[in-house]
Amino acid sequence: MIVEVIMPKMGESLQEGTIIKWLKKPGDKVERDETLLEISTDKVDTEVPSPASGILLKILAEENMIVDVGKTIAEIETDAENVNLETQDAPPQKDKSKEENSAIDVQTKDDKSQQTASGNGTIVDVVMPKMGESLQEGTITKWLKKIGEKVERDEMILEISTDKVDTEVPSPASGILTEIIVPEGQTVEVGAIIARIATSEVALPAAVQAKRAAQQEVLKPEEYKEPAFEAKPQNIAKSDGKRFYSPVVRTIAKEHSLSEAELSQISGTGIDGRVTKKDIINYIDNRKSAPVEKSAEPKTKVTGPHPAPAKFVVPTTGDDVEIIPMDRVRQLIAEHMVYSKHTSAHVTSVTEADVTQIVKFREKYKNEFEKREGIKLTFTPFFARAVIEGILQNPMVNVSVDGTNIIRHKRIHLGMATALPDGNLIVPVIKYAEMLSFNGLQRAVTDLSNRARAKKLNPDDIQGGTFTITNYGTAGTLFGSPIINQPQTAILGLGAIQKRPVVRFIDGEYLIVIRDMIYLSLSYDHRVIDGQLAGTTLQAIVKSLENMNEVTIKL
């Protein structure tokens, strides 16, 4: 059958992409998920994987061509016997007799014919999109359309969740949703076909209608079944510190009783050496009958003066408790926080800053600013600017760790933790923050926070951060010890701004005055950032904040 390759939608606001390079040519054999081409959009450059295994039959959009999202850019023939490359250059000729009888023919053909043009239009495959360079799979959280419902091109038809972002997936074409292949809750690989859309509103043949109806009935009980590849790893860590293991890989490893040590020995063919589903299945098929020796455990019980700690039993039934399952985002946050604690040697240093001039400045100009710019003037850009100046003076806090190497980032990509309406957190990133003016920082903060709360962020919006700011003071907290946002090595926490009595040296004597004060806490990775560097960075941030006034801030 012929499978269409479509221009993917790489973000909510993107309607087109430019084909940079084709990595395959007509006649080449391709494997499912193998990279076919490279594309460029206003947001990101990325690779597009093959939606199926077979022979690349046609390339319908040449390099450097700008193509609308959802347009067919190539065709793949999954049945090698049907390939006839000699005739592909000539445009197909219409056969009226075949056209008139196509409605009858489609009733007797198998599902292969439903992928190509017929009297009832074309069947378009909906595939799991690639929502980031490092993402290989996604989980379908909710179908927004039902089988038989009409859909418009770019209309949202389902919601998906990945390790990076939750987002909605638009329809690649207008038509009728004829088939839902993957039910809610199931995790599938990028490029997998998850649904099909008939581009014609003409009713499908009776045989096909019956098949769709039967499938819809089957999907109903499947909603309550355990998904075949749902990520519920218990013994395999999400990462061993060197590479990431996807939920699919961890699930397979668990099902076949692979230890973490054995999993780490598998050669990965994915991005950054990751183990793919194909890699682990090949390893299981080819491994010797003798299992890999598991981690050594003491054969005798070790006794000592201190008894083993008592195991606390958490009540899970009865009227005194309520069981609240974590949603997927909360599970990912939990995994990320624990992973960060296991990875970095966390230390937190605390200082305070006098932000009285900032409070007065904002109060004086906030109405004028909102009237002129159309957005509110918040405290965030003041702190963002201070952090940028602190990093520029102390560039070794803007680093990451790769084994025994320190990666110093020459650009400042500033993450800002944002609370969502459902109580979860996300960290959108202001790219090249050091190049933005004060007003530019405010516009970036407003745009990212609004889109974060509306779930309209693109994958590129939450990747690549080098330093993060988190404002727990909005809840009245004075100071805290934030957890580092991996793979970064530092995060600044902002406490509540409070009017407090402080001692100041004025006109030759010490006086107690009322000032607007804030505690700043810097959590850092002690593997690469020492207390001296953390302290000088904090003092640079404090100095910048206390020097902000009508002269130094230009709106």
Side-chain angles (χ1 to χ4, degrees), residues 42-45 349 351 353 355 357-358 361-362 369 373 375 377-402 406-418 426-452 457-471 482 484-494 518 520-525 528-529 533-555:
D42 291 340
K43 296 290 185 181
V44 66
D45 291 352
S349 296
T351 189
V355 293
Q357 292 188 108
I358 292 176
F361 180 93
R362 177 178 175 272
F369 183 86
E373 301 291 335
I375 56 176
L377 178 60
T378 67
F379 284 112
T380 305
F382 295 94
F383 292 102
R385 176 166 174 172
V387 166
I388 292 167
E389 293 183 2
I391 292 175
L392 291 175
Q393 296 175 42
N394 301 273
M396 289 307 293
V397 300
N398 197 44
V399 300
S400 298
V401 179
D402 181 17
I406 298 174
I407 310 299
R408 184 173 74 83
H409 304 289
K410 297 181 180 180
R411 296 294 188 179
I412 301 174
H413 301 316
L414 197 59
M416 53 176 199
T418 303
I426 197 167
V427 186
V429 178
I430 302 174
K431 301 294 178 62
Y432 303 100
E434 76 278 10
M435 300 179 66
L436 297 178
S437 65
F438 182 88
N439 288 4
L441 287 171
Q442 180 64 82
R443 283 191 290 269
V445 168
T446 302
D447 172 62
L448 289 172
S449 58
N450 286 344
R451 288 196 288 122
L457 289 175
N458 301 316
D460 191 51
D461 292 329
I462 59 173
Q463 299 184 59
T466 61
F467 190 104
T468 293
I469 299 174
T470 180
N471 186 0
I484 297 167
N485 185 21
Q486 297 295 327
Q488 301 165 30
T489 55
I491 180 172
L492 182 74
L494 309 177
I518 184 173
L520 309 175
S521 59
L522 181 68
S523 290
Y524 51 96
D525 189 340
V528 291
I529 300 176
L533 176 58
T536 56
T537 303
L538 272 175
Q539 291 311 307
I541 294 172
V542 170
K543 184 178 180 180
S544 176
L545 289 170
E546 294 183 345
N547 285 340
M548 290 184 185
N549 51 47
E550 295 186 31
V551 176
T552 59
I553 297 294
K554 302 296 183 182
L555 294 181

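Fair warning: this is a prediction, and the values are worked out from it, not measured in the lab. The figures here come from the full heavy-atom set of this structure, side chains too, leaving out hydrogens, waters and symmetry mates.
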*Asks:* Only one of N439, T446, V445 passes side chain to side chain contact (heavy atoms under 4.5 Å, CB included) with I375; say which it is.
*Replies:* T446
*Asks:* How far does CD1 of I430 sit from CG of L441, to the nearest 0.5 angstrom?
*Replies:*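 Between atom CD1 of I430 and atom CG of L441 there are 6.0 Å.
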*Asks:* Could you go through the side-chain contact (heavy atoms from CB on, under 4.5 Å) check for L522 and I529 one step at a time?
*Replies:* CA-CA 11 Å; L522 181 68; I529 300 176; 6.0 Å; no
*Asks:* Report yes if the side chains of V429 and Q463 come closer than 4.5 Å at any heavy-atom pair, otherwise no.
*Replies:*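 No, too far: nothing below the 4.5 Å cut-off.
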*Asks:* Could you go step by step and tell me if N485 and T470 meet the side-chain contact (heavy atoms from CB on, under 4.5 Å) rule?
*Replies:* CA-CA 10 Å; N485 185 21; T470 180; over 6 Å; no
*Asks:* Going by the rule side chain to side chain donor-acceptor pair (under 3.5 Å), which residues pair with S544 if we only count those two or more places apart in sequence or in a different chain?
*Replies:* E389
*Asks:* Holding to ring pair (Phe, Tyr, Trp, His ring centres under 6.0 Å), I want the full list of residues that pass it with F438, two or more places apart in sequence or in another chain.
*Replies:*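 Applying ring pair (Phe, Tyr, Trp, His ring centres under 6.0 Å) to F438 gives F382.
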*Asks:* Short question: side chain of S400, backbone of P487 - any donor-acceptor pair under 3.5 Å?
*Replies:*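 Checked: pair present.
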*Asks:* Distance alone, cut at 3.5 Å: any donor-acceptor contact between the side chains of T536 and N394?
*Replies:*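 Side chains of T536 and N394: pair found under 3.5 Å.
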*Asks:* Any side-chain heavy-atom pair from T351 and I541 closer than 4.5 angstrom?
*Replies:*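 No, too far: nothing below the 4.5 Å cut-off.
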*Asks:* Between CG of N471 and OG1 of T380, what distance do you get to the nearest 0.5 Å?
*Replies:*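 That separation rounds to 6.0 Å.
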*Asks:* Please find the pair of heavy atoms, one from L538 and one from S349, that lie closest to each other, and give the distance.
*Replies:* CD1-O, 3.6 Å
*Asks:* If I take atom OG1 from residue T466 and atom CG from residue N398, how far apart are they, to the nearest 0.5 angstrom?
*Replies:* 3.5 Å
*Asks:* Is there a side-chain contact between V401 and V399, using heavy atoms and a 4.5 Å cut-off?
*Replies:* no
*Asks:* Is there a donor-acceptor pair under 3.5 Å between the side chain of N458 and the backbone N or O of D460?
*Replies:*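 Looks like no, no N/O pair under 3.5 Å.
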*Asks:* How far apart are the closest heavy atoms of A384 and I469, and which atoms are they?
*Replies:*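 Residues A384 and I469, closest heavy atoms: CA-CD1, 3.9 Å.
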*Asks:* Determine yes or no for a side-chain-to-main-chain donor-acceptor pair under 3.5 angstrom, with E434 supplying the side chain and I412 the backbone.
*Replies:*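 Here the side-chain-to-backbone pair exists.
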*Asks:* Would you check if the side chain of R411 reaches a backbone N or O of K431 as a donor-acceptor pair within less than 3.5 Å?
*Replies:*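 No, because the side chain of R411 does not come within donor-acceptor range (under 3.5 Å) of the backbone of K431.
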*Asks:* Please confirm whether the backbone N or O of P428 pairs with a side-chain atom of D461, one donor and one acceptor, at under 3.5 Å?
*Replies:*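 Absent.
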*Asks:* Which heavy atom in V397 sits nearest to a heavy atom in A490, and how many Å separate them?
*Replies:*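 Distance-wise, the nearest heavy atoms are O-CB, 4.1 Å.
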*Asks:* Quick one: does any side-chain atom of T418 pair with a main-chain N or O of M416 as donor and acceptor, under 3.5 Å?
*Replies:* yes
*Asks:* Identify the heavy atoms of A433 and I388 that sit nearest to each other, and give their distance.
*Replies:* O-CD1, 3.4 Å
*Asks:* List for me each residue that meets side chain to side chain donor-acceptor pair (under 3.5 Å) alongside E373, sequence neighbours excluded, and say none if there are none.
*Replies:*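 R443.
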*Asks:* Taking atom CD of Q442 and atom OG1 of T378, what is their separation to the nearest 0.5 Å?
*Replies:* 3.5 Å
*Asks:* Look only at the side chain of Q488 and the backbone of T468, and say whether a donor-acceptor pair between them is shorter than 3.5 Å.
*Replies:* yes
*Asks:* Any chance you could lay out the side-chain contact (heavy atoms from CB on, under 4.5 Å) test for I518 and F383, step after step, and finish with the verdict?
*Replies:* CA-CA 11 Å; I518 184 173; F383 292 102; 3.6 Å; yes
*Asks:* Which atom pair, heavy atoms only, marks the closest approach of S521 to P482?
*Replies:* OG-CD, 3.6 Å
*Asks:* Could you tell me whether a side-chain N or O of T552 sits under 3.5 Å from a main-chain N or O of N547, the two making a donor and an acceptor?
*Replies:* yes
*Asks:* Considering only heavy atoms from C-beta outward, does the side chain of L492 approach that of F467 to under 4.5 Å?
*Replies:* yes
*Asks:* In Å and rounded to the nearest 0.5 Å, what is the OH to OG1 distance from Y524 to T489?
*Replies:*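 Nearest 0.5 Å value for the OH-OG1 distance: 11.5 Å.
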*Asks:* Which pair of heavy atoms, one from R408 and one from M396, lies closest together, and at what distance?
*Replies:*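 Result for this residue pair: CD-SD, 3.5 Å.
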*Asks:* For the backbone of T537 and the side chain of Q393, can you confirm whether one donor and one acceptor N or O come within less than 3.5 Å of each other?
*Replies:*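 No; zero donor-acceptor contacts below 3.5 Å.
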